[in-house]
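Beneath this line is the structure, given in structure tokens, with notes to follow.
All values below were derived from every heavy atom in this structure, side-chain atoms included, with hydrogens, water molecules and symmetry-related copies excluded. Order of the sequence lines fixes the chain letters, A, B, ..., with proteins taken first and strands second; residue numbering starts at 1 for each chain.
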Amino acid sequence: MEYEAVIGLETHVQLNTKSKMWCGCANAYGAAPNTQVCPVCLGLPGVLPVPNEEALRKTILTGYLLNCEIPRFAKFDRKNYFYPDAPKNYQLTQYDKPSTANGFVEFEFQGGLSRVRITRAHLEEDVGKSFHFDRNSGVDFNRAGVPLMEIVSEPDITSADMAYEYLNALKDILLYGGVSDCDMEKGMVRCDVNVSVRPVGSTGLGAKIEIKNMNSFSGVRRALEYEIPRQIEVVKKGGKLIQSTRRWDDTTGITEEMRTKEHAHDYRYFPEPDMMPLAPTEEWLADVRKLVVELPLARKQRFIREYALPAADAETFKNDVALGNYFEPLAKQSANPKALANWVINNLRAKLTETNEREKTEQAELGIEPADLQLTTLADLKFPPAALLELVALVEAKTISSAAAQQVFAEMYATGQAPAAIVQEKGLAQVSDTGAIEKLCDEAIAASPGPVADYRAGKAAALNALKGYVMKLSKGKANPALAGDILERKLKA
Amino acid sequence: MPNALSLNQLSISELTGRLARREISAREITQACLDQIARVDGTVHAFISHNPADALAQADAADRELAAGVTIAQKPLLGIPIAIKDVLAVKDHPLNCGSKILGKFVSPYDATVIEKMRAAGAVIFGRLNMDEFAMGSSTETSAFGITRNPWDPARIPGGSSGGSAAAVAADEAIATLGTDTGGSIRQPAALCGCVGLKPTYGRVSRYGLTAFASSLDQIGPFTKNIEDSARVLGVISGLDPKDSTSVDVPVPDYVAALDGNIRGLKLGVPKEYLIGGLDPEVKASVDAAIQQYLALGAEIVDISLPHTDYAVATYYIVATAEASANLARFDGIRYGQRVDGADPLELYTRTRGAGFGAEVKRRIILGTYVLSSGYYDAYYLRAQKVRTLIRNDFLAAFKQVDAIITPTTPTAAFKIGEKSGDPLQMYLSDIFTISCNLAGISGISLPCGFTTNPKLPIGLQLLGQPFGEATLLKLAHAYEQSTPWHREKPGTLA
Ligand SMILES: [Zn+2]
């Protein structure tokens with residue numbers, strides 16, 4: 001019998017608000033332990049939570065970006081459990097009335113479009129972080145009370161690769177919406193996976209097994225690549241899977257059972273009495289809708305459609321938003337957006353990367369911390385964006401050859417000088433003077449008896465060798481098309 | 001005057017007048033309270049602790065402000081010593097909630113009501129005894145010893161704000177703050193013979209009040225008379241950005257509302273409150289009060305609050321459920337007393353086992369049970385539905401009447417130890433006060449007589465509309481001014 005996997009993901013994302021969820025403490029990564037705390041986020045006696053409106057706004061915005069419904073009534077609940085990193089020993093979360101529900105994410109997968117339904121994206125609070133030393137433990141509460149959004153998918157995912165692509169698509173959407181910095185290394189995105197297996201064609205669900213402790217998207221993929229065959233193996237051998245929670249070990253690459261259903265927590269959820277329910281007004285929602293941005297996939301499709309770009313180029317502009325934003329206004333003015341995209345991706349981006357690498361090395365030598373590096377960005381370029389249009393136009397008009405264009409670009413990148421001025425100054429204009437080119441063609445024919453004979457024997461490609469000779473004689477300035485025409489005429493004569 | 005009252009026996013209104021006229025100093029008032037504490041608190045034990053030097057320093061600061069021309073209009077509590085229930089956070093003061101579990105905890109911040117009273121010039125002093133985490137009706141569950149009723153030291157002062165009521169009754173403070181979750185202000189006020197006001201839920205910020213039951217708790221004043229109650233309420237009320245359950249309703253001039261004119265106001269008498277356990281002397285006093293209201297020109301209307309019978313059960317589900325979560329933070333990890341263990345679970349078990357008293361444990365267990373998977377719908381959810389019915393009862397009644405009149409308690413103060421072995425009997429002593437918190441409305445208790453032998457205070461309860469404190473105070477004031485009860489002082493301590 002053939003088996004298939006049924007996978008659902010719970011993705012926790014820290015929102016990039018200025019302050020924490022219930023208090024004014026900074027929501028910032030990397031401060032010394034317990035320096036970003038106050039009576040509220042430490043859960044001292046008598047404190048009360050006041051919801052951060054920015055966090056609510058970013059949650060609703062996420063709802064819109066994930067095509068969710070926005071219920072007109074939502075609330076926070078207390079999820080009760082004792083753990084040293086939980087200051088109140090209950091976590092505020094949205095249990096049965098989330099702020100957003102019933103959406104979907106669309107993304108490219110295996111050459112087509114896939115859709116994963118979103119059950120809900122709800123808001124909750126992050127907890128502190130435990131540290132264990134030789135003889136004791138400590139808790140850093142800087143992270144306690146940071147707004148955390150949980151995005152729950154329906155079990156629409158069928159493979160490890162699909163889970164990986166879904167997560168990347170989700171991350172792109174969150175980055176586009178500006179709701180989270182999604183920095184995995186700083187723990188801003190954390191995933192739990194629910195996976196079960198069933199015979200292909202069956203619609204029932206197998207025992208749901210939850211996997212925890214993956215700290216990267218590739219970790220999720222690896223965990224599933226391990227877990228799915230494991231479950232199929234168990235079932236094929238006639239074994240029985242039971243609902244349980246397993247822990248992924250990134251080093252050994254296996255999952256291990258943590259607890260089974262009988263030991264599941266009873267979280268005793270109940271509505272948070274310290275806060276009023278949330279009832280967003282139409283006016284407020286309309287303001288949030290103004291923050292809705294174009295989704296990554298839509299942007300890619302639009303770039304392909306509107307600028308006739310190859311998919312790979314559009315993908316580049318989807319992933320590098322700044323580069324795409326640099327490209328788009330120029331493309332609207334360009335007669336040849338595809339050529340422009342080539343320049344932006346293959347020349348400009350390459351050059352900028354090269355500059356950044358050099359800057360990194362130089363600044364590292366000066367002892368500057370990685371976080372404080374000052375790198376050149378698209379906004380710091382010495383030439384105005386329109387100069388790139390001008391450069392492409394010069395090539396299009398055959399005023400300069402593409403070889404010369406490379407030189408012009410290098411110069412304008414270095415100095416900011418206008419392309420036309422560079423062409424003039426360096427004498428890079430193509431020679432289209434028939435008399436001058438005729439002379440060079442005669443020289444080339446005289447010096448290349450082999451290719452001449454080949455061409456006359458019917459090998460059309462031999463013309464290229466002669467053309468190259470002419471270009472070399474002209475130091476790259478001869479108009480190659482014109483040279484070709486003249487050579488052809490002379491050889492056929 | 002041969003029988004002149006000492007300063008600690010005077011009301012806020014009297015003292016602020018004399019301060020304004022520079023007849024007395026704030027230091028003298030505070031000193032008078034401290035002297036009275038030294039004289040009687042060995043018996044009463046209203047205070048868990050107090051810091052005389054700190055109180056006098058605040059009084060001196062008030063005197064300097066008075067000398068600099070600050071007026072009572074600018075700072076309505078300037079120089080008035082007000083003592084605080086041990087459940088409210090006062091910066092740099094101990095905060096124990098009547099419990100062992102907080103150990104040597106000192107609050108690093110002020111509750112909003114404390115900030116407001118400081119801004120109004122009050123001298124904030126002392127930690128008043130209470131039932132542990134406000135769970136109790138007698139102040140017997142405190143980890144800091146029992147508080148005695150100033151009218152009879154063999155009897156309880158009521159609870160949970162027993163220290164707050166006893167301190168006012170024994171003239172150890174001019175006014176005090178307490179909290180009321182199911183009657184914890186009104187019941188001890190009734191049993192100690194002072195005025196206790198429970199404001200509408202949302203009227204006063206709860207920020208800095210260590211929560212027992214978040215959806216029921218309110219902070220309110222204990223005072224020697226109604227006018228003082230109005231003065232303190234005016235100071236502590238209002239929207240607070242730190243408490244999202246506080247409500248943006250304008251704060252009226254409560255003192256100005258005390259014009260004595262209650263002609264035509266309607267008082268409802270709920271038939272469900274004439275229960276079997278009602279003491280005949282209490283009933284007689286309340287009946288006499290009703291007659292007095294008629295004489296003052298009010299109308300008396302028979303009303304019904306049909307869901308009254310379910311109030312106690314509903315209360316003990318909602319309150320304990322919320323408490324089970326609210327008290328989870330007392331775990332020995334971040335602050336308070338810790339009893340170490342091999343792992344977090346053992347640390348929690350030992351810390352909470354040693355730190356909480358029996359009544360608190362009983363309620364945490366009850367609350368945990370009613371929220372448990374499989375029981376939630378039958379208990380918690382159902383209780384919430386009944387709670388709505390109870391609130392609707394009151395809202396319907398308030399379409400007919402301006403306030404509701406009832407006894408505050410079924411009996412006068414009972415003896416120490418009399419009910420502490422029987423939680424259910426203890427819970428039933430709150431039968432008249434509990435509905436008010438479930439409905440989120442306002443309520444006040446004021447003296448309406450005494451039992452004869454022994455002489456113990458009897459309390460009259462008035463229940464008002466949501467944010468109807470001005471009408472409530474006006475009604476209470478008119479009655480108070482036409483009766484002698486509020487002028488009586490307990491004799492045994494003098
Ligand atoms: Zn904080």
Between [options], which has the largest tally of heavy atom pairs under 4.5 Å with chain A?
options                        : result
B/G374, B/A325, B/A89, B/P344  : B/A325
B/L327, B/N326, B/L95          : B/N326
B/D217, B/L216, B/T245, B/I333 : B/T245
B/L345, B/T210, B/D243         : B/T210
B/G208, B/S372, B/A328         : B/A328

[X] versus chain A, the contacting section by heavy-atom distance below 4.5 Å:
X      : value
B/T368 : both
B/L102 : side chain
B/A321 : backbone
B/Y369 : neither
B/F330 : side chain

Contacting moiety of [X], where chain B heavy atoms sit under 4.5 Å:
X      : value
A/F141 : side chain
A/P51  : side chain
A/P39  : side chain

If you apply the rule side chain to side chain contact (heavy atoms under 4.5 Å, CB included), what do you find for B/R352 with A/F82, and how did you get there? CA-CA 12 Å; B/R352 290 165 68 82; A/F82 277 80; 3.7 Å; yes
To the nearest 0.5 angstrom, please state how far the CG atom of A/N89 sits from the CG atom of B/D331.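 Between A/N89 CG and B/D331 CG, I get 4.5 Å after rounding to 0.5 Å.
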Distance check, rounded to the nearest 0.5 Å: B/S244 atom OG versus A/M275 atom CE? 6.0 Å
Tell me, out of [options], who's got the most heavy-atom pairs with chain B below 4.5 Å.
options                     : answer
A/V40, A/D274, A/L42, A/N80 : A/D274
A/W22, A/Y267, A/Y90        : A/Y90
A/C38, A/P87, A/C23         : A/P87
A/P45, A/P273, A/S137       : A/P45

Near [X] [atom1], under 6.0 Å, is it more than 12 heavy atoms from other residues, nucleotides or ligands?
X      : atom1 : result
B/Y379 : OH    : no
A/E282 : CD    : yes
A/F131 : CZ    : yes
A/Y83  : OH    : no
B/R362 : CZ    : yes
B/K361 : NZ    : yes
A/Y95  : OH    : no
A/K208 : NZ    : no

Does a donor on one side chain sit under 3.5 Å from an acceptor on the other, for A/N34 and B/R334?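 Per modelled atom types, A/N34 and B/R334 side chains form no pair under 3.5 Å.
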Do A/D266 and B/S373 pair up side chain to side chain, a donor and an acceptor below 3.5 Å, judged on atom types alone? no
Closest approach of B/E322 and A/R78, non-hydrogen atoms and distance? O-NH1, 3.8 Å
Kindly give the heavy-atom pair with the smallest separation between A/P271 and B/Y376, and that separation in Å. CD-OH, 3.4 Å
Would you check, one step at a time, whether the test side chain to side chain contact (heavy atoms under 4.5 Å, CB included) holds for B/V247 with A/M276? CA-CA 10 Å; B/V247 181; A/M276 304 308 283; over 6 Å; no
When you look at A/V47 and B/Y109, which way does the side chain to side chain contact (heavy atoms under 4.5 Å, CB included) test go after all the steps? CA-CA 10 Å; A/V47 297; B/Y109 75 100; 3.6 Å; yes
Backbone N/O of A/L44 and side chain of B/R329: donor-acceptor pair under 3.5 Å: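 The answer is yes, because a donor-acceptor pair under 3.5 Å joins these two groups.
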